Structure formats: C-alpha cells, structure tokens
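This report refers to the structure that appears directly beneath it.
In this chain, residues are counted from 1 in sequence order. Since the structure is predicted, the reported quantities are computational estimates derived from the model, not experimental observations.
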Amino acid sequence: MSETGASPLPATSPARSPLFRAEQFVWLTARVLEQRLFAHHFLNGGADPVETALDAYRNEDGGYGHALDPNLRGPVSQPLHTGHALRVLDAIERCGGQRVERVCRYLTAVSTADGALPAIHPGQRGYPAAPFLPVVDDPPSELVTTGPVVGLLHRNAVWHAWLFRATDFCWQAVDSLDKSHPYEVQAAVAFLDSARDRTRAEAAAARLGRLVREQRLAALEPNRLDTYPVAPGYLPGEQHFPHDYAKTPSSLARAWFTDAEMARSLDHLADAQQEDGGWPILPHSSTHAWHPQRAWAPGIALETRPMVTIEALRTLRAHGRSIG
C-alpha cells in the first residue's frame, strides 16, 4: 500500500471482482480500524497502522471498550470488546508481549467465580447496549465469550495464570454440550481448534459435529432454508452454514461436512455480496443488509457490515476461492 493510501488494485479489468467491489465499500463506509485491517489483509498494508487504530479502543485497565463491538456502546471495557481486540491482534500476528499481559490482567479482574468470562460485565449498566445483550448484576460464565479468547491465547502460546481455570471451564462446557446453538458451537470450535490436548480436542470436535448434524444447526442446502430450523431466540432467517463453523480448511469443523456441502456453502457466501460491494449482516441473505430487529440504534449496521465483509473475503480466500 502506498503512503497516500492508494489502492494497488487496477481500476480497469477487475473492477467488478469481489475484492475490488469490497474495497470500494470499505473506503466508503468502514471505521479506520476496518480500513486498516482491509489494507493489511488484501493490499499489503502493514501491521503497525492496524495496531495504532486498535489502541484507540484500549482502556487503562487493559481491556477494550468504546464500541469496538458495535452492539455495546460507551467507554467501559467489556469481555466482548476485548475478545474482538484479541482477534485483531491475532490477525496481524501481534497477540503477545506486554499488550496481551495487560489483557490477561483485565480478564482476571472481570472473570466470574469459576474463572471464566461473562458475556456482559455489569459495568455496562448505564450505557447503551443491544436489547439481545442484557446487563445483569451477577452474570454467569459463558462459553460463547470464553472459548474464543482461550483458543486465541493458546494458539499464540500465551502463558498466564488466568488460562488454567478458564481452560478447565471450556473443557467442561464443551464436554457437557448435549443441546446447543450456532454461536455456542462456533465458540466451542474456536477453543478446540487451538486447545493444547489435540487428541481430546479431536474427539470432542467429532462428537460436536454429530450434534450439529443431528440438531440441524448447519443449513446444508442453502436453496432450501425453510427446511432448517432457527435456534430459539434467533431471528427469522438466522441460519448458519458450514463455512460459519469451518472458517478455514484446517479447522476441526471441516470434517463435519462433505466436499459438496462445503462447496454449496461457499457458493452461497460468495453470492451474498451485495451491489454496494459489502456483505449483509446475515450473510445468507443477499436481499437485505439488516434484519429490522437488529437495527436497534443508528449506525450499527454501517459499522458492522465492513467487519462481515472482511470476514467473508478471508473465509473465501482461505478455502481457495478466487476473490479477484
């Protein structure tokens, strides 16, 4: 990427390629952080500008806030924001050192009695939050929040005392799953893909894959979505697909699906790119960008769609699909 920020993508022949269209969408709509991430992933941009942009969301307690996750507004640090920050650091290979030591101190401070993370810390009270993320005084531990964080730290060979009990919580939570929902399964996969005990992780993933198929938590036929149920509490049309679980070919979740099922899923993801170049929040639907029940505050969709767009491009590329 040049010092002026000009795109190295030629503006002639690939002008309708998925990547070119997505680039225009990102420059038009994204926050600085997502602009820098897009440049890093697809335009040979450096890691330093991404980390500089991310630092704007960091608080003195070592956590992250300031609506890094658009569904939680206000300045206070939250586990969801901090997990998002760790994903960014992992993506730019900066998930280590003093910055992560500070994060782990924050995670220790906000953990529940069993050493794991709640979805929302009560410090959010008084600041705007999405209605589907209620603030309670004594929140329970959640695999949805803890699993991805523990997985990222293990993958980056981070050693910290917080990880011992949090890892035990994740194993117990995964092993006890007999009924689940897509976001919980995604969190379990994020943990299992990087868990240190690979034999145990592979066995747990195989059992989880059977559960996903038995409970029809993955829509294997995108042209027949009406035959796949939506999990309780999810919005109409909020089905998940094989690519939502197996974001890379190396994921343990990839073994859950046949080549044909994965190909249909990736075709569906590719086809969901909209005319403006971005992907919708619910990526299986190319007819609308935002379910009305999710539009709880101005700007939420505008901030979220660039994140979804970058993730869609990375997933397609990871699976060998041409994006231009």
Interatomic distance, SG@C170 vs NE2@H154, rounded to 0.5 Å, equals 7.5 Å
- Query: Does R94 reach the side chain of D48, with side-chain heavy atoms less than 4.5 Å apart?
  - Reply: yes
Judged by modelled atom types alone, do H243 and S265 share a side-chain donor-acceptor pair under 3.5 Å?
-> yes
d(Y106 OH, S111 OG) to nearest 0.5 Å is 9.0 Å
- Task: Test the R305-W279 pair against the cation-pi criterion, namely NZ or CZ under 6.0 angstrom from the six-membered ring centroid and within 45° of the ring axis.
- Result: no
So do N59 and Y64 actually touch side chain to side chain, heavy atoms under 4.5 Å? no
Heavy-atom closest pair (L43 atom, E23 atom, distance to 0.1 Å) is CD1-OE2, 3.7 Å
Is any side-chain heavy atom of R73 closer than 4.5 Å to a side-chain heavy atom of I300?
yes
### Whether H121 side chain and V110 backbone form a donor-acceptor pair below 3.5 Å
no
Closest non-hydrogen atoms of P242 and A219, given as atom of the first, atom of the second and distance, are CD-O, 3.6 Å
(message) Taking CD in E101 as the centre, count heavy atoms belonging to other residues, nucleotides or ligands within less than 6.0 Å. Is the count above 12?
(response) yes
Heavy atoms of A113 and R165 approach each other most closely as O-NH2, 2.5 Å
OG (S251) and NZ (K247) are apart, to the nearest 0.5 Å, by 9.5 Å
**Asked** Are L217 and L211 close enough, and set up right, to give a side-chain contact (heavy atoms from CB on, under 4.5 Å), and what steps lead you there?
**Response** CA-CA 8 Å; L217 298 181; L211 181 150; 3.9 Å; yes
When rounded to the nearest 0.5 Å, the distance separating CD1 of I281 from OG1 of T304 is 5.0 Å
Taking a hydrophobic cluster as the set of Ile, Leu, Val, Met, Phe, Trp and Tyr residues connected by side-chain heavy atoms closer than 4.5 Å, whether directly or through intermediates, do V144 and Y245 fall within one such cluster?
no
* Would you check if the distance from the ring center of F241 to the ring center of H268 is below 6.0 Å? => yes
So that I can tick it off, tell me whether E311 and R314 are bridged by a salt bridge, with the cut-off set at under 4.0 angstrom between side-chain N and carboxylate O. no
query = Quick one: are R224 and D226 in side-chain contact, heavy atoms under 4.5 Å?
reply = yes
message = Between R155 and D193, does any NZ, NE, NH1 or NH2 come within less than 4.0 Å of an OD or OE carboxylate oxygen?
response = no
What one should report as the nearest heavy-atom pair of A272 and P280 is O-CD, 3.2 Å
Practice task
Give a yes or no on whether M307 and V149 share a hydrophobic cluster (residues Ile, Leu, Val, Met, Phe, Trp, Tyr; joining criterion: side-chain heavy atoms under 4.5 Å apart).
Solution key: no
task = Find out if a path of hydrophobic residues (ILVMFWY) with successive side-chain heavy-atom gaps under 4.5 Å connects M262 to L269.
result = yes
- request: Determine whether L153 and L89 fall in the same hydrophobic cluster, where Ile, Leu, Val, Met, Phe, Trp and Tyr are linked whenever their side-chain heavy atoms lie under 4.5 Å apart.
  value: yes
- [ ] Please lay out, stage by stage, how E261 and E221 fare under the test side-chain contact (heavy atoms from CB on, under 4.5 Å).
- [x] CA-CA 8 Å; E261 289 167 347; E221 299 171 279; over 6 Å; no
dist R213:CZ -> W256:CH2 (nearest 0.5 Å) comes out at 11.0 Å
request  = Measure from the side-chain N and O atoms of N156 to the backbone N and O of L152, and report whether any donor-acceptor pair falls under 3.5 Å.
outcome  = yes
Got a salt bridge between D178 and R207, using NZ or NE/NH1/NH2 to carboxylate O under 4.0 Å? no
Legend entry - Other residues, nucleotides, ligands: >12 heavy atoms within 6.0 Å of Y127 OH: no
- Quick one: does Q273's side chain have a donor or acceptor within less than 3.5 Å of a partner on A270's backbone? no
Taking the side chain from Q124 and the backbone from V76, do they hold a donor-acceptor pair closer than 3.5 Å?
no
R264 and L220 have their tightest heavy-atom pair at NE-O, 3.2 Å
Please work out which of the three classes, parallel, tilted or perpendicular, describes the rings of Y183 and H240, given edges at 30° and 60°. perpendicular
Check: T146 side chain, L117 main-chain N or O, donor-acceptor pair, under 3.5 Å
yes
**Prompt:** For L177, does its backbone N or O pair with a side-chain atom of S180 as donor and acceptor, under 3.5 Å?
**Reply:** no
Minimum side-chain heavy-atom gap H81-H84 below 4.5 Å:
no
dist L72:CG -> H66:NE2 (nearest 0.5 Å) comes out at 13.0 Å
TODO: State plainly whether the residues R321 and D267 are in salt-bridge range, i.e. N to O under 4.0 Å.
DONE: yes
| query | Distance-only, no hydrogens or angles: does the E184 side chain make a donor-acceptor pair with backbone N or O of L143 under 3.5 Å? | reply | no
Does any part of the side chain of L252, heavy atoms only, come nearer than 4.5 Å to the side chain of V189, both counted from C-beta?
no
R210 and E214 ion-paired at < 4.0 Å:
no
- Residue pair Y57 / L33, side-chain heavy-atom distance below 4.5 Å: yes
For this session: Look at D55 together with R58 and state whether they make a salt bridge at an N to O cut-off of under 4.0 Å.
Result: yes
Exercise. Evaluate the side-chain contact (heavy atoms from CB on, under 4.5 Å) criterion for residues D175 and R200: first the C-alpha distance (whole Å), next the side-chain angles of each, then the deciding distance (0.1 Å), finally the verdict.
Key: CA-CA 10 Å; D175 289 343; R200 185 178 180 183; 2.7 Å; yes
Task: F20 vs I323, side-chain contact (heavy atoms from CB on, under 4.5 Å): CA-CA, chis, key distance, verdict - done: CA-CA 9 Å; F20 183 88; I323 58 175; over 6 Å; no
- Aromatic W27 / basic R36 pairing, under 6.0 angstrom, 45° off normal: no
- Query: If you measure from the Lys or Arg side-chain nitrogens to the Asp or Glu carboxylate oxygens, is any gap between D276 and R21 under 4.0 Å?
  - Reply: no
inquiry  = Taking the side chain as everything from C-beta on, heavy atoms only, tell me whether V150 gets closer than 4.5 Å to W162.
reply    = yes
Check: Same cluster for Y228 and L266 if Ile/Leu/Val/Met/Phe/Trp/Tyr side chains link at under 4.5 Å?
Finding: yes
Measure from the side-chain N and O atoms of R317 to the backbone N and O of G320, and report whether any donor-acceptor pair falls under 3.5 Å. no
So H181 and Y234, would you call those rings parallel, tilted or perpendicular, with 30° and 60° as cut-offs?
-> perpendicular
Smallest heavy-atom separation, T112 atom then P140 atom, equals CG2-C, 4.1 Å
